[in-house]
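Below, read A as the first sequence line, B as the second, and so on, with proteins coming before strands; counting in each chain starts at 1.
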2 protein chains.
Amino acid sequence: MKTSRLPTAIDVAKRAGVSRSAVSRTFTEGASVSPETRAKVLAAAEDLGYRVNFLARGLIRQRTELVAMVVSDMDHSFRARLVDLLSRGLVNLGYRPVLLPWSEGDNPGQLIDMMLHYAVSGTIVTSDTPPGDIAAQCMQHGVPLVLVNKAPVDSNVARVVEDFESAGRLAADALAEAGCKRVAWAGQRRPSFTIGSRKAVFLDRLLDLGLDFVGDVTGARQNYAGGQEAAQAFLEHGLQADGVHCANDFLALGFMDGLRAAGVTIPGDLAVVGSDDIAEASWASYDLTTIEQRPEDLSQATLDALVDRIAHPAETARIRQVGVRLVRRGSTGAVRVASSSGRSRGG
Amino acid sequence: MKTSRLPTAIDVAKRAGVSRSAVSRTFTEGASVSPETRAKVLAAAEDLGYRVNFLARGLIRQRTELVAMVVSDMDHSFRARLVDLLSRGLVNLGYRPVLLPWSEGDNPGQLIDMMLHYAVSGTIVTSDTPPGDIAAQCMQHGVPLVLVNKAPVDSNVARVVEDFESAGRLAADALAEAGCKRVAWAGQRRPSFTIGSRKAVFLDRLLDLGLDFVGDVTGARQNYAGGQEAAQAFLEHGLQADGVHCANDFLALGFMDGLRAAGVTIPGDLAVVGSDDIAEASWASYDLTTIEQRPEDLSQATLDALVDRIAHPAETARIRQVGVRLVRRGSTGAVRVASSSGRSRGG
DNA sequence: ATTGGGCTTGCACACGTGTGCAACACGCCA
DNA sequence: TGGCGTGTTGCACACGTGTGCAAGCCCAAT
């Protein structure tokens with residue numbers, strides 16, 4: 001039972017007693033074959049274990065069912081979950097996701113190279129920083145593209161973005177509701193597009209609500225370590241704040257741990273509001289109030305956008321907004337609910 | 001600047017004033033081309049923006065540079081990190097990882113279908129449960145396969161496994177070192193291969209060390225919620241244990257939170273040892289002693305195995321073992337070190 | 001009985017590349 | 001000068017499929 005060449009359409013045709021065209025048409029969506037021929041072909045194919053060679057098909061059609069998925073920071077659990085959902089969704093649609101990890105400093109050329117090498121059906125970009133002029137390149141070569149949570153580009157490109165207006169507003173409201181008067185913001189020194197937009201709305205809303213903004217505290221990156229750095233800065237600057245909005249949940253958790261190590265109690269001394277609602281935010285040790293961004297919704301909107309883009313490449317691209325929701329938990333003094341029925345996400 | 005057909009080798013040949021074969025050979029590793037011809041071809045290719053069509057190449061060579069990556073439970077941060085490292089490594093080797101999410105109950109047929117549809121160079125399986133008879137199928141069709149942390153199969157298949165002997169031993173040693181006398185095990189009802197093996201060694205080692213084993217406490221899955229369920233079971237059974245080894249870190253964290261909510265102090269009343277050393281284990285609120293399994297090592301061993309398998313498909317497959325290490329932290333009463341220089345992983 | 005239309009079928013070309021084979025050029029040695 | 005070996009080149013076939021085109025079939029309507 002060693003490796004022998006795979007059966008081709010010719011083998012199937014021979015066995016079924018029909019022409020090769022009939023085989024091809026049987027496996028082609030919407031082609032014209034009589035039910036009898038179709039049945040004969042399917043039976044023969046089943047017998048031989050025939051599978052269409054997608055390379056040959058792709059060569060002819062100038063398109064494969066591969067989709068490029070450009071991703072960075074996959075060790076962020078929100079991103080990992082999004083990649084998981086996107087890949088599941090793509091497979092269900094009949095596409096095959098090719099995972100292209102990308103970090104700032106990598107060569108963006110290899111991304112467009114891959115897309116053209118394999119004639120992908122489309123591309124999804126979820127990386128934190130946009131890889132070079134990928135939008136222009138995709139447009140030039142007719143590769144449908146969807147950007148997730150990225151800044152606008154001049155090209156005609158489909159985008160999916162968080163409803164950052166609601167996010168910023170809800171964060172400010174949550175702190176106001178917790179009775180805060182003097183508020184700070186914690187995040188990364190160079191905020192990404194989404195977080196920058198959200199912050200701007202947040203600051204505006206603070207004004208509207210009559211709360212004082214006392215300043216930023218930052219870390220190098222928006223992760224747990226960055227949160228600890230921000231906590232350090234918070235303590236060193238002696239910031240007189242009674243509420244903090246953190247750029248994302250990971251950073252918020254590091255921030256909380258950093259403050260607690262110095263004896264600060266949450267929400268006693270300080271209310272904290274995060275963003276994303278990752279699984280860890282609901283853990284009993286943190287019980288973090290946060291702005292939920294459902295990765296399921298983000299994923300679905302992205303898939304919708306991609307399918308739409310593939311079907312109608314010529315039309316002008318839409319922007320899809322994905323809703324957010326405030327999740328009240330202990331870090332703003334909300335009443336704790338029994339947490340044993342917590343989320344099942346997160347390992 | 002609308003989408004026009006990509007330049008082919010013929011276009012390049014015409015422009016360079018050589019034959020199409022010369023173009024093909026220029027882009028083929030180890031083919032015979034004179035330096036002058038090569039230079040002319042490369043210049044012309046650069047001018048036209050020529051890229052080899054990998055579909056046509058794959059059709060001829062019966063092989064593409066795609067590698068199937070079968071993954072489940074990507075929302076487990078250890079798995080996500082592994083996928084990240086593997087995909088980076090594959091891309092650096094010139095391969096392109098196709099992400100195939102797989103859950104128990106999915107149709108395993110679609111996996112082997114994909115591999116044959118696209119003539120992949122190889123397959124890596126990292127899913128929790130092995131998808132059907134994928135090993136036999138890959139072997140039959142000559143697809144190089146590497147299994148990561150999976151049970152042996154009868155086919156001749158390369159495997160990468162954690163050094164579970166050391167892992168089980170180190171966990172027992174750590175509890176003994178913490179002064180424990182009566183020890184329990186917390187995990188999932190149906191442990192996976194690695195965890196089952198590790199547990200067996202762990203129990204043996206307890207005997208050798210003269211410690212009492214007082215029983216299992218379990219949750220439905222090995223995640224945070226599963227850990228909380230295990231904690232509930234622990235409390236309800238009134239287990240008189242002073243040390244617990246948890247199947248993995250996520251479960252350990254849920255277990256700790258579940259016990260703490262009931263007033264149990266760690267490590268005062270109970271020492272806890274996890275497994276994996278995910279980023280969250282080092283967080284100040286948990287400070288979990290654990291058995292580190294470096295995803296970098298696991299990834300590298302897997303890539304080595306795959307490359308080896310592709311180069312020498314006929315030889316009998318090796319089993320590669322990846323070392324583990326005990327990381328002493330607060331949950332077993334180790335002295336805390338300043339944690340501000342913590343790991344930068346995890347978002 | 002004839003005509004027309006709709007569905008099915010087979011032929012043959014096209015997709016873009018790798019590579020065996022023979023031909024050829026060139027330099028070296030006898 | 002002739003022969004030989006080494007390195008390069010072009011021709012032509014092969015990889016496995018999709019699909020336009022024309023021919024064929026069957027049935028209903030006139």
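The shortest distance between the side-chain N/O atoms of B:Thr8 and the OP1/OP2 oxygens of C:dG16 is not below 4.0 Å. Distances shorter than 4.0 Å separate none of the side-chain N or O atoms of A:Tyr118 from OP1 or OP2 on C:dG16.
Between A:Arg51 and B:Asp113 there is a salt bridge, since a side-chain N of the basic residue sits under 4.0 Å from a carboxylate O of the acidic one. Remark: A:Arg81 engages A:Glu296 in a salt bridge, criterion side-chain N to carboxylate O under 4.0 Å. Ion pairing between B:Asp308 and B:Arg320 holds under the 4.0 Å rule for side-chain N and carboxylate O.
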Pull out every protein N or O sitting under 3.5 Å from an N or O of nucleotides 19-24 of chain C, one pair per line with the distance.
from	atom 1	to	atom 2	distance (Å)
C:dT19	O4	B:Ser21	OG	3.4

Shorter than 3.5 Å, N or O on both sides, protein versus nucleotides 6-8 of chain C: list them out with atom names.
from	atom 1	to	atom 2	distance (Å)
C:dT8	OP2	A:Ser32	OG	3.2

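The CD-P distance, from A:Glu36 to D:dC25, rounds to 16 Å in whole Å. Protein atom CZ of A:Arg63 is 16 Å distant from nucleotide atom P of C:dC15, rounded to whole Å. When rounded to the nearest whole Å, the span between CG of A:Leu59 and C1' of D:dA14 equals 13 Å. Atom-to-atom, CZ of B:Arg38 to P of D:dT8 comes out at 11 Å; the value is rounded to the nearest Å. Atom P of nucleotide D:dC15 and atom CD1 of A:Ile10 are separated by 8 Å, given to the nearest angstrom. B:Leu55 places its CG atom 10 Å from the C1' atom of C:dT17, with the value rounded to the nearest Å. Atom pair A:Gln62:CD and C:dC15:P shows a separation of 8 Å (rounding to whole Å applied). The interatomic distance linking A:Leu116 (CG) with C:dG16 (P) rounds to 13 Å, in whole Å.
A:Arg88 is linked by a side-chain hydrogen bond (donor to acceptor under 3.5 Å, both in side chains) to A:Asp84, B:Ser103, counting only residues two or more places apart in sequence or in another chain. With sequence neighbours excluded, the residues forming a ring pair (Phe, Tyr, Trp, His ring centres under 6.0 Å) with B:Phe54 are A:His117, A:Tyr118, listed by chain and number.
Comparing the helix axis at one end of the helix from C:dA1-D:dT30 to C:dA30-D:dT1 with that at the other, each defined from 5 consecutive pairs, gives an inter-axis angle of 50° (nearest 10°).
Each of B:Ser19 and A:Arg51 has a nearest nucleotide on DNA chain D; the 5'-most of these lies closest to B:Ser19.
Scanning all heavy atoms of the two residues, the minimum distance from A:Met69 to A:Val83 falls at CE-CG1, 3.5 Å.
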* To do: Run the numbers on B:Val71 and B:Leu86 for side chain to side chain contact (heavy atoms under 4.5 Å, CB included), then give the verdict.
  => CA-CA 11 Å; B:Val71 177; B:Leu86 282 175; over 6 Å; no
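When heavy atoms are screened at a 4.0 angstrom cut-off, B:Val23 is found touching no nucleic acid atom at all.
You'll find the side chain of B:Val143 reaches within 4.5 Å of the side chain of B:Val120, heavy atoms only.
Put simply, the side chain of B:His312 never gets that close to the backbone of B:Ala314: no donor and acceptor are under 3.5 Å apart. For the pair A:Thr194 (side chain) and A:Asn149 (backbone), a donor-acceptor distance under 3.5 Å is present. In this structure a side-chain-to-backbone donor-acceptor pair under 3.5 Å is present from B:Thr302 to B:Leu298.
Side chain of A:Ala9, nearest nucleotide from D:dT17, C:dG16, D:dG10: D:dT17.
Among pairs with a residue in residues 13-53 of chain A, those fulfilling ring pair (Phe, Tyr, Trp, His ring centres under 6.0 Å) read A:Phe27-A:Tyr50, at least two apart in sequence or across chains.
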